[in-house]
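Before any comments, here is the structure.
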Amino acid sequence: MAWAYYEIGFCYYYQNKYEEALTYFDIVINNFTVLPPRILAQKVMQDIYDKKPKLKPVEIIEEEVEIIEENVDS
């Protein structure tokens, strides 16, 4: 079932419908334990965030800011 959600998400990604793709990749990551589709979903999500930074969830942005601040303070 995880593969089906991943493939649907990838179809949306291929069509540049990134918000819809993220929805399906999020389902794969949060609801399934099968590792290969989860890893692929994470990689494609990162690619989407690289292309469209505005789609990044606030939590991820806050984590990145904390990491940068820690590196600056070091």
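Keep in mind that the numbers below use all heavy atoms, side chains included, and drop hydrogens, waters and symmetry copies.
- No salt bridge links Lys43 with Asp47; every basic N to acidic carboxylate O contact stays at or beyond 4.0 Å.
- Scanning all heavy atoms of the two residues, the minimum distance from Ala2 to Pro37 falls at CB-CG, 3.8 Å.
- Criterion: ILVMFWY side-chain heavy atoms under 4.5 Å apart, direct or through other members. Under it, Val28 and Ile39 are not part of a common hydrophobic cluster.
- Closest approach of Met45 to Asp26, counting heavy atoms only: SD-N, 4.4 Å.
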query: Can Tyr12 and Leu22 be said to form a side-chain contact (heavy atoms from CB on, under 4.5 Å), step by step?
result: CA-CA 9 Å; Tyr12 281 123; Leu22 289 170; over 6 Å; no
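- Between the CD atom in Glu7 and the OH atom in Tyr14 there is a gap of 13.0 Å [rounded to 0.5 Å].
- Smallest separation of non-hydrogen atoms from Tyr49 and Pro57: OH-CD, 3.4 Å.
- Annotation for Arg38 and Phe32: closest pair CD-O, 3.0 Å, computed over non-hydrogen atoms.
- Here the closest heavy-atom approach between residue Glu19 and residue Leu55 is recorded as CG-CD2, 3.5 Å.
- Annotation: Tyr5, atom OH; neighbour count of heavy atoms from other residues, nucleotides and ligands within 6.0 Å does not exceed 12.
- The aromatic rings of Tyr6 and Trp3 lie perpendicular to each other, with more than 60° between the two planes, well past the 30° mark.
- Atom OH in Tyr18 sits 15.0 Å away from atom NZ in Lys54 (nearest 0.5 Å).
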- prompt: Run the side-chain contact (heavy atoms from CB on, under 4.5 Å) check on Phe25 and Ile48 step by step: do they pass?
  reply: CA-CA 11 Å; Phe25 294 141; Ile48 292 171; 4.2 Å; yes
